[in-house]
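Structure record follows, encoded as structure tokens.
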Amino acid sequence: MNTLDIITKKRDGGSLSEAEIRYLTEGCVSGEIPDYQMAAFLMAVYFRGLNREEIFALTKAMRDSGDVADLSQVAGFKVDKHSTGGVGDKTTLIVAPIASACGVPVAKMSGRGLGFTGGTVDKLESVPGFRTALTRDEFVNQVNRTGIAVIGQSETIALADKKLYALRDVTATVENMGLIASSIMSKKLASGSDGILLDVKWGRGAFMKTVEDARELAELMVDIGRSAGRKTMAMITDMNQPLGRAVGNSLEVREAIDVLRGEGPADIYELSLRLASEMISMSLNISPEEAEARARAAVDEGRALGKFREFVDAQGGDGGIIENPLLMGEARFSESIRAGDNGYIEEIDALKIGMASQHTGAGREKKEDVIDKCAGILLTRKRGDEVKTGDELCRVFAGTQEKLEQASAICREAFEIGENKPSGRELIEEIIGR
Ligand code: URA
């Protein structure tokens, strides 16, 4: 096979065979195919697209390019929940203990935050002592013993995706539906679960800016998951404003604990319950209604919070944070952002809040950056709330005065106040593949 012939074929709009796609991904990982040729291939794909068969072939080739987790020693039907990324999305911290408390084995690999989106691993590491780097045996034993473990995603999973993503990032070829779907699903298929629940976000603070794009991506990923023999479904959810009120690592852990107590903000509570219900329904093969009743009972009876404590203890974390969140520390500087007008909050731009949060030190610009676990933003108001001039809209937390000022300036731009109460927007737009 010849790399130049394959690039030419795609450039001219042809369809590639499974063997040709595998040849490219293997050559990319081994270094036999230079980056400039892979970059040219990606640009050809960007303009010509990939058909369904090519997307499946690329997903499978990328899945097989690194470690594929074997979770066969974990008893029960394991469901992985994956979010396409957003601002204030701490659902894993809530959904995992609820599902586990209902008898679903949770063996989850999660990522770190990058840019304006957060990552579950960073959030968990704001709990003093919490270890996200367990060995494979520790991970499997913990799930079998306690029903729940969350670890950092292996560096050696889907190696071709890692390489290709880095190239896409610097060649303006990230935004291609087939490349995005195959990138996400290659890692999900390699992480060893039996079922996959996708939370595909749409809106200002999401990768997909419109519901239509989110639906196309969701349908494609459900199709890929099923063709690989996994039970797969997707929820399309709103990410125009941040989820819940807390954005930033330890702030989000605190909010997750509130939700597990049944006391958190309505949007994050409802979304977490619905996600947990779908996981429970998939894993235990019961109706979504029955699953939702079990999920609500697990929260109401305190079993979900109890499971969270057991999970934190099992991974070396200080469970005392549940009663005393200040054990996670506090930011040195804070400032209130206040309304400049009377009216209703028409929009809280999730992208701007995410960027502001990154400027507080809560997020990374580059992978190597060290984050500040105590920094972030707490929204005092949400979309649709009525405000008067001078009312607090949010509070910004940072480790230095300079970061506080930079982040506060962005936060001021994030709130849109108008005369009329905005009409409601569905938190869950659609469920695909139930
Ligand atoms: N997330 C991924 O893992 N891959 C993409 O291509 C886009 C988002």
Side-chain angles (χ1 to χ4, degrees), residues 21 24-25 28-29 38-39 41-43 45-46 49-50 54-69 80-87 89 91-92 108-122 152-191 193 196-210 213-225 228 230 232 234-237 239 350-351 354 363-364 366-367:
I21 287 175
L24 280 186
T25 48
C28 166
V29 173
M38 287 312 296
F41 167 71
L42 289 169
M43 192 54 87
V45 168
Y46 182 84
L50 295 170
E54 289 174 308
I55 294 169
F56 291 173
L58 180 60
T59 309
K60 283 189 272 171
M62 292 201 293
R63 173 198 63 193
D64 298 339
S65 67
D67 286 346
V68 176
D80 190 1
K81 178 201 78 81
H82 174 81
S83 155
T84 55
V87 179
D89 183 358
T91 50
T92 296
K108 176 143 183 63
M109 288 178 212
S110 286
R112 293 187 185 278
L114 190 61
F116 68 91
T117 60
T120 301
V121 166
D122 295 324
Q153 189 169 285
S154 152
E155 284 295 310
T156 48
I157 215 164
L159 288 173
D161 173 64
K162 195 165 284 171
K163 190 100 195 267
L164 284 177
Y165 195 86
L167 281 176
R168 286 166 59 203
D169 213 17
V170 293
T171 55
T173 52
V174 169
E175 295 87 357
N176 173 276
M177 214 50 97
L179 292 176
I180 296 171
S182 55
S183 164
I184 295 173
M185 291 305 288
S186 64
K187 290 172 283 205
K188 291 295 110 188
L189 295 179
S191 67
S193 61
I196 302 167
L197 172 62
L198 300 159
D199 178 3
V200 182
K201 308 272 185 207
W202 81 274
R204 297 179 183 215
F207 214 55
M208 298 290 131
K209 299 299 176 201
T210 66
D213 281 352
R215 183 179 299 120
E216 189 182 338
L217 179 64
E219 284 172 349
L220 192 49
M221 292 198 292
V222 168
D223 208 9
I224 295 172
R230 308 290 171 87
T232 311
M235 272 159 93
I236 297 177
T237 69
M239 185 38 75
L351 178 59
R364 295 184 183 81
K366 300 183 297 309
K367 255 172 105 178

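None of the values given here were measured: they were computed from a predicted structure. First listed ligand is number 1; within each ligand, the first listed atom is number 1.
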Student check: side-chain heavy atoms of I236 and M208 closer than 4.5 Å: no
Pairs meeting criterion salt bridge (Lys or Arg N to Asp or Glu O under 4.0 Å) with involvement of residues 198-209, two or more places apart: D89-K201, D199-K201, R204-D349, R204-E416
Polar contact flag for K187 and ligand 1 (N/O pairs, less than 3.5 Å): yes
D161 N/O under 3.5 Å from ligand 1 N/O: no
For atom 7 (C) of ligand 1, the protein heavy atom that lies nearest, with its residue and separation: F207 CE2, 3.5 Å
Minimum-distance pair of heavy atoms, taken over all atoms of I157 and D67: CG1-O, 3.4 Å
L189 vs V68 side-chain heavy atoms within contact, under 4.5 Å: no
Candidate with minimal heavy-atom separation from atom 2 (C) of ligand 1, of G111, S186, S183: S183
Y165 neighbourhood, listing ligand 1 atoms whose heavy-atom distance to it stays under 4.0 Å: 4 (N), 5 (C), 6 (O), 7 (C)
Non-hydrogen atom of I180 closer than 4.0 Å to ligand 1: yes
Side chain proximity check, R230 to D80, heavy atoms < 4.5 angstrom: no
Residue and atom name of the nearest protein heavy atom (relative to atom 1 (N) of ligand 1), distance in Å to one decimal: I184 CG1, 3.8 Å
Set of residues satisfying side-chain contact (heavy atoms from CB on, under 4.5 Å) with respect to V29, sequence neighbours excluded: S65, L159, A160
